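Have a look at the structure below before the remarks.
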Amino acid sequence: MKHYLSVNDIDSLNHWVKEALKLKQQPIQREIGAGKTLGLLFFNNSLRTRLSTQKAAMNLGMESIVMNFNNEGWALEFEEGVVMDQGKSEHIKEAAQVISQYCDIIAIRAFPTLTDKEKDRAEEVLSGFKKYASVPIVNMESSIGHPLQALADAITIEEYKTKERPKVVLSWAPHPRALPHAVANSFVQMMQKSDVDFVITHPKGYELDPEITKDSKIETDQMNAFQNADFVYVKNWSSFKDYGKVINQDPNWTISNKQMSQTNKAKFMHCLPVRRNVVVADEVLDSDQSIVIHQANNRTYSAQLVLKKILEGLKK
Amino acid sequence: MKHYLSVNDIDSLNHWVKEALKLKQQPIQREIGAGKTLGLLFFNNSLRTRLSTQKAAMNLGMESIVMNFNNEGWALEFEEGVVMDQGKSEHIKEAAQVISQYCDIIAIRAFPTLTDKEKDRAEEVLSGFKKYASVPIVNMESSIGHPLQALADAITIEEYKTKERPKVVLSWAPHPRALPHAVANSFVQMMQKSDVDFVITHPKGYELDPEITKDSKIETDQMNAFQNADFVYVKNWSSFKDYGKVINQDPNWTISNKQMSQTNKAKFMHCLPVRRNVVVADEVLDSDQSIVIHQANNRTYSAQLVLKKILEGLKK
Amino acid sequence: MKHYLSVNDIDSLNHWVKEALKLKQQPIQREIGAGKTLGLLFFNNSLRTRLSTQKAAMNLGMESIVMNFNNEGWALEFEEGVVMDQGKSEHIKEAAQVISQYCDIIAIRAFPTLTDKEKDRAEEVLSGFKKYASVPIVNMESSIGHPLQALADAITIEEYKTKERPKVVLSWAPHPRALPHAVANSFVQMMQKSDVDFVITHPKGYELDPEITKDSKIETDQMNAFQNADFVYVKNWSSFKDYGKVINQDPNWTISNKQMSQTNKAKFMHCLPVRRNVVVADEVLDSDQSIVIHQANNRTYSAQLVLKKILEGLKK
């Protein structure tokens with residue numbers, strides 16, 4: 001594998017999940033990445049992603065260098081042919097080529113604008129680095145995808161499933177701020193690759209990008225969707241149609257025992273950070289059915305598997 | 001030892017100081033922490049504490065990950081049962097449990113509000129992490145204590161004392177801003193555990209928390225307090241009674257040769273950073289009696305001893 | 001070598017460049033710096049300098065600790081004898097001595113004020129650290145010099161020159177903001193030590209400090225200066241005479257094929273970040289004549305050579 005930009009870079013999900021679970025048993029493999037450097041570039045805040053990816057790098061014996069572009073580096077220009085006489089000091093062409101010379105792998109986090117749909121769908125930052133960097137790129141959450149999270153999610157479902165083909169529900173939940181679609185998008189794509197009975201549920205107007213959801217089942221009655229679910233994956237996102245807007249904060253959609261009672265004692269999943277009693281009630285998050293902490297732990301093995309596969313690719 | 005939250009976590013000060021001084025002779029002990037990760041979480045600025053704690057981790061062979069919560073992570077909620085529809089993105093319950101999965105030890109710096117006495121005394125951040133984390137916690141200065149500093153202070157006094165039972169004076173000094181009580185509190189507690197003749201001196205109204213000072217001798221005449229002192233430990237703090245207020249900036253309390261001349265050629269100590277010619281005159285800080293730089297150096301061995309004892313505890 | 005503060009600390013440029021090119025062939029020399037710590041202190045933003053210096057430290061087996069003074073540490077006071085009752089929390093005297101105890105080498109980036117010429121020429125921050133630190137200091141760009149960049153430039157010219165004594169032109173180019181003189185100054189000093197035919201070209205009013213340029217040839221007709229050049233090194237700087245001011249943004253000085261056509265197929269150099277189509281046209285920067293990416297790569301070997309020489313000095 002060269003890059004890990006989206007869920008589509010996984011050649012065989014089944015093998016990947018198996019390999020990640022094996023690696024979780026024995027994570028210290030310092031010889032694989034010894035002498036290699038991972039550059040972690042943040043254009044936005046991060047807790048789990050930064051810590052788990054640094055941890056994964058350490059487990060593989062890699063050095064890591066963290067760079068926060070917002071307060072440590074230079075504002076980057078991504079447009080071609082522009083006269084750079086405004087606020088941007090450096091063009092992605094130079095930045096990506098230069099950083100490639102100091103790092104063996106570059107991992108990038110860059111959230112969407114949520115105001116410019118076409119720019120966000122084009123993944124300006126991530127695809128700028130992909131285009132100009134000479135080393136592999138890892139997506140640590142881009143404007144439209146969060147494939148390290150989705151891989152951790154797949155690993156978690158594999159660990160907790162009690163039947164061959166579990167029912168998995170992705171449910172929208174309310175949130176005071178406008179949030180990106182990245183986590184939901186990558187989870188949808190991951191479930192489409194998985195042997196699960198998958199349903200998406202959200203209020204009308206919160207349809208995700210149809211090019212992502214394709215023919216995945218969508219149900220606008222949340223209670224119906226939760227019937228007999230084995231896993232419920234909860235996440236807020238802003239409107240895609242009325243791009244980046246919060247068009248509904250209906251508290252009936254907050255996940256509580258009311259919804260969970262419809263399920264087959266479903267496991268509750270969320271990528272975190274989660275707003276308690278807005279997205280999900282304490283009674284659910286603090287119950288035995290919640291596996292969010294285990295899910296976050298799998299971020300390390302998701303990142304480690306991706307880095308390992310890229311490092312193996314470098315040696316060829 | 002599980003956590004290092006306050007001076008009270010030291011079982012035998014005498015042994016600890018001896019062990020720290022031994023370790024200072026031969027600080028490189030990479031096998032002790034090899035493969036272990038220290039997470040350093042900062043909710044406030046830091047220079048000595050961060051550098052010395054990272055250095056201590058390196059000496060022990062540990063990897064360290066630094067996280068500045070103010071500009072890199074998410075704003076944390078500490079209240080139970082709250083509806084998180086305001087500015088806080090993540091609850092301490094999740095944050096602490098999640099970080100525990102990426103780090104073997106978590107070290108935390110979180111200053112007081114100086115406006116909400118009860119919240120500060122409850123040490124919201126530190127005790128939140130202690131409550132929910134599954135790994136040991138180290139206090140890198142909390143709202144009411146700075147026990148890594150106090151341990152470095154005890155090591156320094158042991159190195160410089162020329163008699164069995166030296167006289168040690170803790171003196172308040174003026175400062176333009178309202179400062180926390182943490183350093184003074186932990187130093188008082190440390191001196192209460194030490195074989196010293198201990199006196200606290202400050203203007204009226206600057207009494208520290210009586211639950212901390214207990215029956216320690218308090219003298220409001222600074223010149224009297226300094227008589228025959230072997231060590232003077234200087235620090236500003238804001239009022240505890242009139243909580244968090246600067247009620248006096250009397251320049252007569254600035255430490256100069258006037259006060260030092262009363263002492264038994266006392267060593268001058270301060271935790272740094274120190275405001276020259278406000279807290280202490282240049283003539284004192286630049287004199288041979290000042291040992292503030294040596295004191296800061298002992299921060300490394302204080303942190304290293306604490307990490308070492310926690311790592312040894314992990315192996316049991 | 002003790003410190004690396006300016007180009008003048010290079011004893012034999014010829015030997016240094018040869019050694020750097022040798023080291024570039026085999027950069028991994030972990031035994032040289034094993035167990036040593038490099039402290040990187042940033043008072044300003046950095047991309048190349050931070051990443052390449054951290055990479056250099058890694059290649060030498062050193063640990064590195066990064067500290068951003070603007071948002072992680074304390075505001076420093078540099079004046080002697082001042083009453084510190086304003087915004088500055090710590091004096092350079094203490095900061096430098098303290099950090100020296102945690103780090104084996106201290107590297108510092110501190111840009112000029114561009115408003116106070118005398119303070120800038122005195123290199124307040126760098127010389128403050130030099131004065132009070134007890135360990136070697138490396139200049140990662142000070143108010144008046146950027147000698148790590150200039151060494152990388154010399155290495156790059158050695159690699160690309162096709163004749164014994166190439167013609168090298170340093171050309172000013174327009175820029176919307178007032179920029180420091182540091183890069184230009186150090187490049188001038190480096191060329192003065194090199195066996196090259198060196199010309200500086202800039203519009204009237206943009207003369208660099210005459211104590212730096214000395215008897216270097218200055219030509220105010222850019223097209224004339226470019227005649228038969230083998231290397232053109234482009235950089236904006238603000239006025240030195242009308243200190244820190246942008247007195248001219250003449251777009252005729254933007255480097256395009258017009259100027260390049262005058263040269264002997266000159267290599268185009270720039271320290272980066274560079275503003276496209278302001279400082280230099282896309283047609284030049286994207287041409288085969290541009291070697292800015294290779295130049296940035298040599299930052300690693302420049303920094304590594306400097307650190308190596310200092311580490312060797314420590315062992316004596």
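No hydrogens, no waters, no symmetry mates; every other heavy atom, side chains included, goes into these values. In what follows, chains are A, B, ... by sequence order, proteins preceding strands, each numbered from 1. What you see is a predicted model, and the numbers here were worked out from it, not measured in a lab.
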Regarding A:Tyr243 and A:Asp116, is there a side-chain donor-to-acceptor distance under 3.5 Å anywhere?
no
I'd like to know if the side chain of A:Arg109 and the backbone of A:Asn45 have a donor-acceptor N/O pair within less than 3.5 Å.
yes
List the atom of A:Lys36, the atom of A:Leu311, and the distance in Å for their closest heavy-atom pair.
CG-CD2, 3.8 Å
When you check the side-chain N and O atoms of C:Asp250 and C:Asn252, is any donor under 3.5 Å from an acceptor?
yes
For a quick test of reading the model, state the closest non-hydrogen atom pair linking C:Ile155 to C:Tyr301 and the distance between them.
CD1-C, 4.5 Å
Decide whether C:Asn59 and C:Gln29 meet the rule of one side-chain donor and one side-chain acceptor closer than 3.5 Å.
no
More than 12 heavy atoms of other groups within 6.0 Å of C:Arg177 CZ
no
Given C:Arg30, C:His175, C:Arg48, the one with more heavy-atom pairs under 4.5 angstrom with chain A than any other is C:Arg48
Atom group of C:Asn68 that falls short of 4.5 Å from chain A, counting heavy atoms:
side chain
Side chain, backbone, both or neither: which part of C:Asn44 has a non-hydrogen atom closer than 4.5 Å to chain A?
neither
Nearest heavy-atom neighbours spanning C:Ser52 and C:Ala303:
O-CB, 4.3 Å
Structural part of A:Gln86 lying under 4.5 Å from a heavy atom of chain C:
backbone
Sort by residue number and list every member of residues 131-148 of chain A having a non-hydrogen atom under 4.5 Å from chain C.
none
Highest number of heavy-atom pairs under 4.5 Å with chain A: which of C:Gln249, C:Met58, C:His294?
C:Met58
Check step by step if side-chain contact (heavy atoms from CB on, under 4.5 Å) holds for C:Gln149 and C:Arg299.
CA-CA 7 Å; C:Gln149 177 66 54; C:Arg299 294 294 307 275; 2.9 Å; yes
Would you mind checking which part of C:Ile293 comes under 4.5 Å of any heavy atom in chain A, side chain (CB onward), backbone (N, CA, C, O), both or neither?
both
Which bit of C:Pro176 is near chain A, if near means a heavy-atom gap under 4.5 Å: side chain, backbone, both or neither?
side chain
